[in-house]
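This report refers to the structure that appears directly beneath it.
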Amino acid sequence: MSEKEVKNLEEIFEARIARDEKIEPKDWMPEKYRKTHIRQISQHAHSEIVGMLPEGNWISRAPSLRRKVALLAKVQDEAGHGLYLYSACETLGISRNELYEQLHSGKAKYSSIFNYPTVTWADMGAIGWLVDGAAIINQVPLCSTSYGPYARAMVRVCKEESFHQRQGFEIMLKLANGTPEQKEMAQDALNRWWWPSLMMLGPTDAESVHTEQSMKWKLKRKTNDELRQQFIDQTVPQADLLGLTIPDPDLKWNEETGHYDFGNINWDEFWQVVKGHGPCNKERMNARVGAWKRGAWVRDAAMAYAEKKEARKKVSKAS
Amino acid sequence: MSDKKNWPLWEIFVRSKNGLEHRHFGSLHASDAEMALENARDVYTRRSEGVSIWVVESSHITASNPEHNGELFEPAADKVYRHPTFYDLPDEVKHM
Ligand SMILES: [Fe+2]
Ligand SMILES: [Fe+2]
């Protein structure tokens, strides 16, 4: 294809998206669109998969059967989210194995929030409430993104997220209304998860390199800073309801803007974690790669069994 | 990484309730059809989203090429006489 032809196709393509048409896997698309989507969708899938680890840590120690089945179901949902997203990503012409390879080698990123440790049961509450809460804010606009398979996966994901957040908030509520020690535990979890949750919504607009292009392709409908403000505005009253204090002395309602003002985010910490120096980066990757390696013989055995069965079917048909 | 063959990809179709058709839900990897069915149950019907599942190995699907949509679907566009509005009837004719 000549340069001019490509340019022409690109214009038609951009116009389709501007008209709110969806792009489907076999449609022509610019290479950059394909690459950007592989990067974003796979990053999203990896986050769901690695995101199971911090919560999986508490399944066996949940304080009651009710909490245990709920947490188990939530973690299972996250596995499902990862699988919806991997399969959406594969429609762009990359194999599942390549995707795993990128995660395991550290070439692909996942959300930095999952590199923080879950040290008490209250962390299960804080994660559901804050981390899933921030994820919902990120994900809802993606239900109408331009790439069909991604949008459809996100619709399914979003339907399931609200249970995640509610079960987390209920855990916080129970602890906040419990003994002084329990309330202290809830406060401690909020103290540790608040700032990482704000960072989870991504670098400030000034530093975000992808925003403009992503807006055009509807991979983003609001900027990181707008999403963060939305998250803060909706979460502060919930913290009040719990009777817990958000660990930000600068947080206060601004009558003029109709939003909460908040303190400075420690972006150095964010970049440290993104670059692999968070408290649990190594532990998470070791757990993930270890599980994949230890499962290799099971995958191979299942495949060998399937091939044997297939061969046997052929023989019995022939005779 | 294992040097054995990877699990193939399967397309999953789910009937959400009797009276409705099976609809494409997504895909997943499994070693055989039976496992694809079981995995599909766990991945796509955790909240009673279905009463019946079909699994088809993705490599068995033949898809039309959107670049040929012109030739493929154009013939339908110029056959306006296939639509009821093509026929001129007086307003007095009721129930038609
Ligand atoms: Fe999720
Ligand atoms: Fe979730």
Side-chain angles (χ1 to χ4, degrees), chain A residues 9 16 22-29 72-74 76-91 95-101 104-105 148-150 152-153 155-157 159-160 163 289 292-310 313, chain B residues 1-17 20-50 53-74:
Chain A
L9 279 172
R16 287 182 65 194
K22 299 287 179 199
I23 306 303
E24 293 295 344
K26 289 178 78 84
D27 292 347
W28 183 88
M29 59 185 81
L72 198 55
K74 192 225 183 231
Q76 195 189 10
D77 271 356
E78 305 300 3
H81 297 176
L83 293 174
Y84 308 155
L85 289 161
Y86 280 131
S87 88
C89 198
E90 285 174 85
T91 64
S95 73
R96 180 74 59 94
N97 252 41
E98 285 172 272
L99 292 169
Y100 285 162
E101 188 58 38
H104 297 167
S105 68
Y150 192 26
R152 292 191 287 276
V155 168
R156 202 163 290 131
V157 167
K159 272 190 199 156
E160 298 179 346
F163 136 63
V289 175
W292 180 248
K293 281 191 179 149
R294 285 191 303 277
W297 73 269
V298 180
R299 294 192 298 277
D300 292 345
M303 205 58 235
Y305 175 68
E307 283 169 345
K308 214 174 186 179
K309 250 191 348 187
E310 199 54 38
K313 233 188 346 197
Chain B
M1 191 146 294
S2 159
D3 54 358
K4 297 270 171 48
K5 252 174 78 182
N6 292 320
W7 290 359
L9 189 66
W10 300 77
E11 298 302 320
I12 311 302
F13 300 82
V14 177
R15 183 202 297 290
S16 51
K17 63 177 190 191
L20 295 179
E21 61 279 77
H22 286 76
R23 197 164 59 77
H24 185 237
F25 263 45
S27 55
L28 50 77
H29 288 269
S31 59
D32 61 16
E34 221 172 298
M35 187 195 279
L37 271 179
E38 280 166 12
N39 287 358
R41 188 221 27 217
D42 289 344
V43 176
Y44 292 107
T45 65
R46 285 192 302 284
R47 289 177 177 79
S48 323
E49 289 94 335
I53 302 174
W54 288 349
V55 299
V56 182
E57 214 179 310
S58 312
S59 60
H60 292 167
I61 289 182
T62 307
S64 65
N65 183 343
E67 274 162 44
H68 302 153
N69 276 6
E71 304 92 286
L72 195 61
F73 299 111
E74 172 56 31

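Not measured: the values here are computed from a predicted model. Chain letters run A, B, ... following the sequence lines, proteins first and then strands; every chain starts at 1.
D27(A) CG to N69(B) CG: the interatomic distance, rounded to the nearest 0.5 Å, is 8.0 Å. Between the CD atom in E34(B) and the NZ atom in K309(A) there is a gap of 4.5 Å [rounded to 0.5 Å]. Distance check: I12(B) CD1 to S87(A) OG gives 9.0 Å after rounding to the nearest 0.5 Å.
In this structure, K5(B) and E307(A) approach most closely via the heavy-atom pair NZ-OE2, 3.2 Å. In terms of heavy atoms, D77(A) sits closest to R46(B) at OD1-NE, 2.7 Å. Among all heavy-atom pairs drawn from S64(B) and K26(A), the shortest one is O-CE, 3.4 Å.
Taking the side chain as every heavy atom from C-beta outward, Y305(A) and M35(B) never approach each other to under 4.5 Å.
In this structure, the side chain of W28(A) does not engage the main chain of E67(B) through any donor-acceptor pair within 3.5 Å.
A search for side chain to side chain donor-acceptor pair (under 3.5 Å) contacts involving Y86(A) returns H46(A), not counting sequence neighbours.
Of the two parts of E90(A), only the side chain, counted from C-beta on, holds a non-hydrogen atom closer than 4.5 Å to a non-hydrogen atom of chain B. For E310(A), no part lies near chain B; criterion is any non-hydrogen pair under 4.5 Å. For chain A, no part of A33(B) is nearby; none of its heavy atoms comes within less than 4.5 Å.
Note: D32(B) leads D42(B), L28(B), D32(B) in heavy-atom pairs under 4.5 Å with chain A. Per-residue heavy-atom pair counts under 4.5 Å with chain B were compared for G80(A), A73(A), A302(A), and the maximum is reached by A302(A).
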Please evaluate residues R156(A) and Y44(B) with respect to the criterion side chain to side chain contact (heavy atoms under 4.5 Å, CB included), reporting the C-alpha separation (whole Å), side-chain torsions for both, the decisive distance (0.1 Å), and the verdict. CA-CA 9 Å; R156(A) 202 163 290 131; Y44(B) 292 107; 3.5 Å; yes
